[in-house]
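Just below is one structure, and these are the notes that go with it.
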Amino acid sequence: MKHYELEIAGLKRRLPIVQVSDEIALASFVILGDQELVAAAAPIILEKLPQVDYLMTAEAKGIPLVHELCRLLRHPYYVVARKSLKPYMEEAVMTEVVSITTQQKQHLYLNGSDAALIKGKRVALIDDVISTGESLNALERLATEAGAQVVARAAILAEGFAADRDDILFLEELPFFSVEGIE
Ligand SMILES: O=P(O)(O)OC[C@H]1O[C@H](OP(=O)(O)OP(=O)(O)O)[C@H](O)[C@@H]1O
């Protein structure tokens with residue numbers, strides 16, 4: 001398997017390059033379990049974030065980053081949009097999303113109590129990676145439907161064309177790879 005050498009927040013990671021569809025190959029960046037990387041990246045992201053009332057992310061890989069950011073900010077709570085409807089949820093708001101890595105339709109649910117919490121508040125949307133931007137768009141639809149004001153969009157990495165966006169904050173770029181190149 002080929003790898004991509006990523007240097008981020010003073011750390012090095014060797015990312016396996018995986019094929020996710022007939023046309024697309026990408027460097028797999030998984031922060032789940034990587035406490036060291038999350039702890040190193042979060043303070044740098046924090047410096048770039050404006051003042052917000054709440055941080056919001058989507059299950060699953062954005063969660064450890066938002067958790068660490070909130071710990072540093074001393075925010076007692078953050079909002080997680082789940083990928084399935086859970087029994088604890090009431091009056092959930094739902095939207096659909098197809099991300100680059102998962103390549104099939106997923107659902108995102110915002111619990112009604114979370115929607116009420118962020119109504120009229122300044123919210124930052126956080127993810128581990130922004131690629132096509134579909135996951136971010138889905139989060140933004142939920143936040144907007146809840147009446148929140150989205151004031152920042154941030155991730156550790158911007159993949160492919162996302163690195164050209166001027167409406168997102170990120171630490172490093174991640175290139176795309178050709179499927180032929182990994183065979
Ligand atoms: O900009 P996009 O094309 O939407 O891609 C980025 C999203 O894709 C990945 O999540 P994935 O949907 O694979 O789910 P997971 O976090 O549950 O593993 C990643 O964690 C981002 O959330």
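Counting starts at 1 for both ligands and their atoms, following the listed order.
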Review item, side-chain donor-acceptor pairs of residues 169-176, under 3.5 Å, at least two apart:
none

Can you tell me if NE2 on His67 sees more than 12 non-hydrogen neighbours from other groups inside 6.0 Å?
->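 12 or below, so no.
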
Counting heavy atoms not belonging to Lys12, are there more than 12 under 6.0 Å from its NZ?
->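 No, the 6.0 Å shell around NZ holds no more than 12 heavy atoms from other groups.
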
Side-chain donor-acceptor pairs under 3.5 Å in residues 43-55, sequence neighbours left out?
unit_1	atom_1	unit_2	atom_2	d
Asp53	OD2	Arg122	N	2.7

Side chain Arg82, main chain Ala60, donor-acceptor under 3.5 Å =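 No: the side chain of Arg82 does not pair with the backbone of Ala60.
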
Enumerate the protein residues lying less than 4.0 Å from ligand 1, judged by heavy-atom distances, in chain and residue-number order.
->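 The answer is Glu59, Ala60, Lys61, Lys83, Ser99, Ile100, Thr101, Thr102, Gln106, Asp127, Asp128, Val129, Ile130, Ser131, Thr132, Gly133, Glu134, Ser135, counting any residue whose heavy atom sits under 4.0 Å from ligand 1.
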
Which atom pairs, donor and acceptor, lie under 3.5 Å between side-chain atoms of residues 123-134 and protein residues at least two apart or in another chain?
unit_1	atom_1	unit_2	atom_2	d
Ser131	OG	Glu159	OE1	2.8
Thr132	OG1	Glu134	N	3.2

